[in-house]
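Working notes, structure below.
Indexing begins at 1, ligand by ligand and atom by atom, following the structure's order. On a predicted model such as this, the values are computed, not experimentally measured, just so you know.
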Amino acid sequence: MLTMKDIVREGDPVLRKVAEEVSLPASDSDKKTLQDMLDFVINSQDPEIAEKYQLRPGVGVAAPQIGISKRMFAIHVEDENGQLYSMGLFNPKVVSHSIEETHLDGGEGCLSVDRDIPGLVPRYSRITVKGTNLEGEEVTLRLKGLVSIVFQHELDHLNGIMFYDRIEGFTDKLKKELN
Ligand SMILES: Cc1nc(NNC(=O)[C@H](CC2CCCC2)CN(O)CO)c(F)c(N2CCN3CCOC[C@@H]3C2)n1
Ligand code: NI
C-alpha cells in the first residue's frame, strides 16, 4: 500500500515535468498503480488507517506525486450535494471551462508541500473533463464547485504546476493595475 514515504516532496524535478500520456488500453501495471493511488486517497480519509499509517488526509493524488511522470490521477471526494466522485482517470483533459472563476476560501495545500502557503488559488468555476477510467471506459464529466477545484489541482500536477504558482501576490495585482 502507498504511504507518505512514497509521496515526492517539492524540490523533486518530477513535480515540474509535463507527464507523459498513458498508452491505452492501460497495462496491468498502470492499472495497479492507479488503483493503489485511489486506495491511498480512500485510506487517508479513514481515521483508523490514517492514524495507523500517519497518512495526511487527501481527496486526490496525481502520479507525479509518487514519482511516476504519467498522466493519471485518483480522486475520492464528495461534492456539495453529497455526491461521491471516486475514480482513477487516465489521460484526463479539460475539454471546456467557464470563464467565471472560484477558489477555496482557505486556499489550498498539497501532499507534496510540507508547509502552509496562504493565498487564494483561482480556479475555473465549472469544467468539462474527458478521460479513461479504471474500467477502460471513456468518461465525460461536467464538474463544478469543490470537485471541479480538486480536478484542476490534480490536472495541474500532470503539467508540472503547483497550486502556489497560481497565487497572485499583491505585486502581481499592482503590476496588472499599473499596466
Ligand atoms: C480540499 C481538501 N483537501 C484535502 N487535503 N489536500 C488534498 O487532498 C490535496 C489536493 C486538494 C487541495 C485543494 C484541492 C485539491 C492533495 N494533493 O496534493 C493532491 O495533488 C483534504 F484532506 C480535504 N478533506 C475534505 C474531505 N474530508 C473527508 C473525510 O476525510 C478527510 C477529508 C479532508 N479537502
Ligand atoms: Ni497536490
Side-chain angles (χ1 to χ4, degrees), residues 1-19 22 33-94 97-98 101-127 129 131 141 143-168:
M1 75 181 273
L2 291 173
T3 61
M4 293 310 291
K5 70 173 175 17
D6 300 301
I7 300 292
V8 163
R9 305 302 152 94
E10 62 178 328
D12 188 313
V14 73
L15 290 172
R16 287 305 190 181
K17 287 173 67 179
V18 175
V22 174
T33 300
L34 190 53
Q35 184 63 57
D36 286 346
M37 291 164 55
L38 182 53
D39 294 341
F40 169 78
V41 180
I42 294 168
N43 288 339
S44 80
Q45 296 184 19
D46 179 308
E48 276 158 40
I49 302 176
E51 169 65 30
K52 180 172 180 189
Y53 294 98
Q54 291 300 294
L55 306 181
R56 268 184 64 186
V59 288
V61 70
Q65 292 182 277
I66 58 169
I68 298 175
S69 195
K70 289 188 177 180
R71 304 188 76 80
M72 55 192 191
F73 63 60
I75 64 122
H76 186 82
V77 61
E78 274 194 16
D79 71 5
E80 289 76 359
N81 311 323
Q83 157 128 28
L84 178 66
Y85 288 79
S86 183
M87 65 186 75
L89 274 186
F90 294 110
N91 304 328
K93 60 178 178 296
V94 176
H97 62 77
S98 61
E101 293 187 344
T102 184
H103 56 259
L104 288 182
D105 287 340
E108 296 187 10
C110 183
L111 295 178
S112 297
V113 179
D114 293 327
R115 55 197 172 111
D116 285 338
I117 301 177
L120 300 183
V121 181
R123 299 289 185 185
Y124 298 122
S125 292
R126 293 176 303 285
I127 59 171
V129 177
L141 299 159
L143 307 169
K144 63 184 187 305
L146 173 61
V147 182
S148 162
I149 291 171
V150 175
F151 266 74
Q152 291 174 70
H153 178 110
E154 306 312 335
L155 278 156
D156 271 355
H157 277 305
L158 305 184
N159 295 319
I161 298 168
M162 302 294 280
F163 73 92
Y164 46 76
D165 299 342
R166 296 186 180 280
I167 295 173
E168 265 188 14

Tell me whether the count of non-hydrogen atoms from other residues, nucleotides or ligands lying under 6.0 Å of [atom1] in [X] goes above 12.
X: Asp116; atom1: CG; value: no
X: Tyr53; atom1: OH; value: no
X: Tyr124; atom1: OH; value: no
X: Glu80; atom1: CD; value: yes

To which protein heavy atom is [atom] closest, and what is the distance rounded to 0.1 Å?
atom: atom 10 (C) of ligand 1; value: Glu154 OE2, 3.7 Å
atom: atom 21 (C) of ligand 1; value: Pro57 O, 3.9 Å
atom: atom 2 (C) of ligand 1; value: Val59 CG2, 3.9 Å
atom: atom 12 (C) of ligand 1; value: Gly109 O, 3.4 Å
atom: atom 31 (C) of ligand 1; value: Gln45 CG, 4.0 Å
atom: atom 18 (O) of ligand 1; value: Leu111 N, 2.8 Å

Kindly state if atom 27 (N) of ligand 1 has a protein heavy atom within a strict 4.0 Å cut-off, that is, under 4.0 Å? no
Would you confirm whether [X], through its side chain, and [Y], through its main-chain N or O, come within 3.5 Å as a donor-acceptor pair?
X: Asp156; Y: His153; answer: no
X: Arg9; Y: Ile7; answer: yes
X: Ser112; Y: Val8; answer: yes
X: Arg16; Y: Gly160; answer: yes

Side chains of Gln35 and Asp39: do they bring a donor and an acceptor to under 3.5 Å? yes
Any N/O of His157 closer than 3.5 Å to an N/O of ligand 1? yes
Pick from Glu78, Glu108, Met37, His103: the one approaching atom 13 (C) of ligand 1 most closely through a non-hydrogen atom: Glu108
Using heavy-atom distances, let me know which of Arg123, His153, Met162, Gln152 sits nearest atom 17 (N) of ligand 1.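 It is His153 that holds the nearest heavy atom.
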Is any NZ, NE, NH1 or NH2 atom of the basic residue among Lys52 and Asp46 found under 4.0 Å from an Asp or Glu carboxylate oxygen of the other? no
Looking at Glu10 and Arg115, is there a salt bridge between them, counting it only when a charged N and a carboxylate O are closer than 4.0 Å?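 Looking at Glu10 together with Arg115, the answer is yes, because their closest N to O distance falls below 4.0 Å.
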With the Ni ion (ligand 2) as the centre, enumerate protein N/O/S atoms below 2.8 Å in chain and residue order.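 As for protein N, O or S atoms lying under 2.8 Å from the Ni ion (ligand 2), they are Cys110 SG, His153 NE2, His157 NE2.
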